[in-house]
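A note on names: the letters A, B, ... follow the listed sequences, proteins ahead of strands, and every chain is numbered from 1.
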Amino acid sequence: MKTVRSNWLSRLGIVVIAALLVAAISVVQYQRLRSIMDKERDIRSHMVLRALSNRIIGVLDLAEATMDENLLYLKRSLDNPDSVFKAMEYLIDDNPHILGGCIAFIPYYYPSKGRLFEPYAVKEGGAILTRQIGDAEHDYTSNRFFIRALETGKADWSDPYVYGADSTWNLTTYSYPITDDRGRIIAVCGLDIDLSWMGEMLNATQHFASSFGLILTEDGTLVAGPPPSRASAGCVEKAMALLREGQGDSSDGELAVRSIRMDRDPNWQIVQVYKTDEVFADMHRIRRQQLFLILLALAILFFMIQRYARNERKLREATAEQARIGAELSVAGKIQQEMLPKAFPDHLYGTVEPAREVGGDLFDFYRRDGKLFFCIGDVSGKGVPAAMLMSVIHSLFRMVSMREGSPARILRALNDQICTGNDSNMFVTFFTGCLDMYSGRLRYANAGHDKPFLLTDTATLLPAKSNMPLGAFPGTEFEEQVCDLAPGDGLFLYTDGLTEAKNPGHENFGRKRVQDALEACLAAPGMTPESSIRALSQAARRFAGVEPQSDDLTMLLIRFIPGDLVRDRITLDCDTKDVSRLSGFVKTYLDKLEMDRKTAGGLRLALEETVVNVMNYAYPAGEAGSVTVYADSNRKEVRFTVVDNGIPFDPTTVLSADTTLDVQNRPIGGLGILLTRKLMDAVSYAREQDRNVLTLTKSII
Amino acid sequence: MTTSVQEIDGKLVAKLCGELDTAAAPETEQALQPLLESGGKDIIIDCTELDYIASSGLRILLGIRKKATELGSRVVLKNVGDAVRDVLDLTGFISIFEFE
């Protein structure tokens with residue numbers, strides 16, 4: 001849990017670092033963008049201001065040009081004071097920006113006109129009206145424009161001013177001194193130029209909703225400004241204060257001003273004022289959007305990292321799990337291999353080559369009562385389920401065959417066990433047999449397995465009935481068959497992994513090739529079961545070539561090599577008096593085996609006790625019958641088989657006498673079976689064909 | 001199988017010769033009958049020449065031993081050979097007899 005939490009935190013840390021990086025980039029970007037935008041806006045402002053300035057200069061220049069152009073005509077009209085009116089009328093008509101014009105003569109210039117004479121022309125209601133306006137009430141000689149022109153002798157532009165009864169006119173006056181032939185100033189011509197368009201023009205060219213223009217005189221008087229709808233008086237005042245402080249371009253947090261001067265007479269200052277907020281409003285909006293997108297991206301990133309980490313953890317766990325399963329499988333495979341017989345006597349050999357880690361094939365063999373019990377099986381399917389069933393069957397075979405000598409009954413018991421709770425419908429083909437190592441009698445039963453090969457001089461199929469495989473139907477009866485082997489004969493058992501080994505052309509190895517390979521082994525001198533099986537395995541592998549092994553391959557080869565046999569038999573009447581004949585028989589038989597007296601005495605005692613037991617219990621009082629004793633040995637082992645036709649009696653189930661009790665409590669019975677058990681290696685009982693068959697074996701090496 | 005019983009120095013001495021197998025057991029039991037009527041005398045069973053004994057023979061010995069215990073007399077097995085001793089050993093009889 002702790003690791004999970006710290007992993008979670010470390011992933012969050014990655015996202016936070018990414019967020020910080022993005023934020024840093026965003027800040028740098030913002031600063032740069034802002035400075036670029038500032039620069040851009042400056043260029044734009046100055047372009048606008050220059051255009052405005054040019055426009056104003058154009059109007060002023062035009063007024064000056066109008067003056068120059070009409071000067072000659074005006075001067076000529078001076079000869080007659082009354083014709084001056086006409087000249088002024090022409091003059092103002094020449095220029096649409098000129099609202100009106102006057103020409104103020106120096107006092108008494110026209111004696112006929114008295115001291116003050118000032119012809120005036122004005123545009124009113126689409127017509128031009130003229131009148132003389134100089135009189136005592138309107139004494140222009142004290143007027144600034146008149147005095148200045150006389151003093152400087154130069155043309156001059158007045159500061160703008162408001163004129164008219166309703167203050168609707170915004171004007172500037174161009175004063176121009178008129179000289180006579182001798183260069184004396186005789187009059188001053190004043191042209192009133194309409195400036196009301198400037199405010200409109202200023203604010204029509206603004207590219208921000210809240211920006212506005214201003215025009216100031218050289219001494220800072222406002223010439224034209226925005227209408228109140230565009231900017232409040234306070235805002236204008238603030239902008240002008242900023243201008244005074246900054247001597248031109250400057251800004252505080254709220255407003256920014258940019259200005260140029262006309263650099264001529266009149267040297268007005270044209271100004272553009274912005275609200276900083278608005279300039280960067282778009283940028284701020286973009287920034288907010290960007291921030292939102294970045295946060296979204298980071299959230300997605302975090303989510304993806306979480307997902308990735310989880311998937312990666314799952315993958316790691318799955319890989320570990322797979323490795324663990326692999327290791328367990330390999331252990332399971334080893335355990336399985338170890339369950340199979342590993343030590344082989346000379347006359348027998350078997351192998352399992354699983355196609356995977358674990359296999360569904362099995363074989364087994366063991367010797368009991370001088371008989372070789374063996375089996376071979378192939379569980380349907382492969383892998384773990386098959387392997388598990390195989391292990392179960394292997395154990396069952398051992399358990400069942402330990403107390404049951406008939407192959408058919410072994411199969412029946414196995415089948416009933418496997419059918420119980422076989423919900424997965426698995427089945428097993430199985431062949432089991434029991435070879436008497438003295439007589440060579442082979443009893444066998446088949447449950448759907450491939451017929452083994454009987455090896456004599458040739459290899460032929462053992463005539464084995466197929467029957468149903470194990471696990472198919474409960475209660476199936478299996479037919480038991482018998483075949484007598486001659487010394488040297490053999491049996492070769494295999495699973496279909498051999499006959500169905502495939503070559504790259506998808507051709508089966510087949511029974512014929514198996515037969516040929518077996519006959520080649522039979523023909524070759526000095527072949528043991530082990531070398532024969534190796535040869536077959538190699539033949540199959542050579543045939544398969546590069547094609548991988550697709551099925552488990554199991555082979556078992558058994559040869560009947562009884563060795564130097566010493567065999568005898570005796571039939572006794574069912575009478576303990578006949579035991580003396582048995583004593584003679586045993587002594588003669590054991591003498592042939594040349595064994596020591598002590599062992600011989602033990603064997604004799606065990607056999608006598610067994611036979612006496614049979615006589616006493618298999619034939620109830622007075623019933624006549626016989627007991628036959630078969631004695632077999634290969635000089636390594638002695639086997640006594642005691643056969644009678646009496647009632648079923650299994651002495652191996654009789655309790656042995658307790659040898660620890662005191663004298664008075666010592667039982668009289670149970671001594672015989674006690675001695676038999678102690679003296680022999682194995683004692684086993686079977687009821688076969690209405691006969692009791694007791695087998696006693698002992699190793700004598 | 002031959003069996004003889006003699007009284008020597010107030011003790012009953014039985015001598016078993018040959019092989020005491022199941023076939024020989026009835027007559028041997030018959031021959032050893034005096035040992036069951038010992039009247040408190042100690043019993044010595046000479047096994048010098050006993051080569052073989054089966055469980056039926058052991059049963060006879062056990063009968064004698066039980067009776068003797070009742071009568072308060074001793075039972076001693078004398079000169080027991082290896083083959084017989086092994087059987088006595090296997091059956092636990094070695095713990096209920098005295099040996100000489």
Is the [atom1] atom of [X] crowded by more than 12 outside heavy atoms at less than 6.0 Å?
X        : atom1 : result
A:Arg597 : CZ    : no
A:Arg441 : CZ    : no
B:Gln6   : CD    : no
A:Arg687 : CZ    : yes
A:Asp346 : CG    : no
A:Asp596 : CG    : yes
A:Lys636 : NZ    : no
B:Lys41  : NZ    : yes

Can you tell me which portion of [X] sits under 4.5 Å from chain A's heavy atoms? Options are side chain, backbone, both or neither.
X       : answer
B:Thr22 : both
B:Ala83 : neither
B:Phe97 : neither

**Report entry** Interface residue of largest heavy-atom contact number with chain A, from B:Leu58, B:Val87, B:Asp82, under 4.5 Å
**Finding:** B:Val87
Residue part contacting chain B, namely of [X], when any heavy atom lies under 4.5 Å:
X        : result
A:Lys598 : side chain
A:Leu675 : side chain
A:Arg581 : neither

Reported [atom1]-to-[atom2] distance for the pair [X] and [Y], which is rounded to 0.5 angstrom:
X        : Y        : atom1 : atom2 : result
A:Asn613 : B:Ser55  : CG    : OG    : 7.5 Å
B:Leu62  : A:Leu671 : CG    : CG    : 7.5 Å
A:Lys678 : B:Asp86  : NZ    : CG    : 12.0 Å

Query raised in the report: Are a donor atom and an acceptor atom from the side chains of B:Glu19 and A:Ser583 found within less than 3.5 Å of each other?
Result: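 The answer is no; no qualifying pair exists.
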Which heavy atom in [X] sits nearest to a heavy atom in [Y], and how many Å separate them?
X        : Y        : value
B:Ala23  : A:Ser580 : CB-N, 3.8 Å
B:Ile53  : A:Leu605 : O-CD1, 3.4 Å
A:Glu608 : B:Ala54  : OE2-CB, 3.2 Å

Query - Non-hydrogen side-chain atoms of B:Tyr52 and A:Lys587 separated by less than 4.5 Å - result: no
Report task. With the side chain counted from C-beta on, respond yes when B:Leu90 and A:Leu679 share a heavy-atom pair under 4.5 Å apart, and no when they do not. Result -> yes
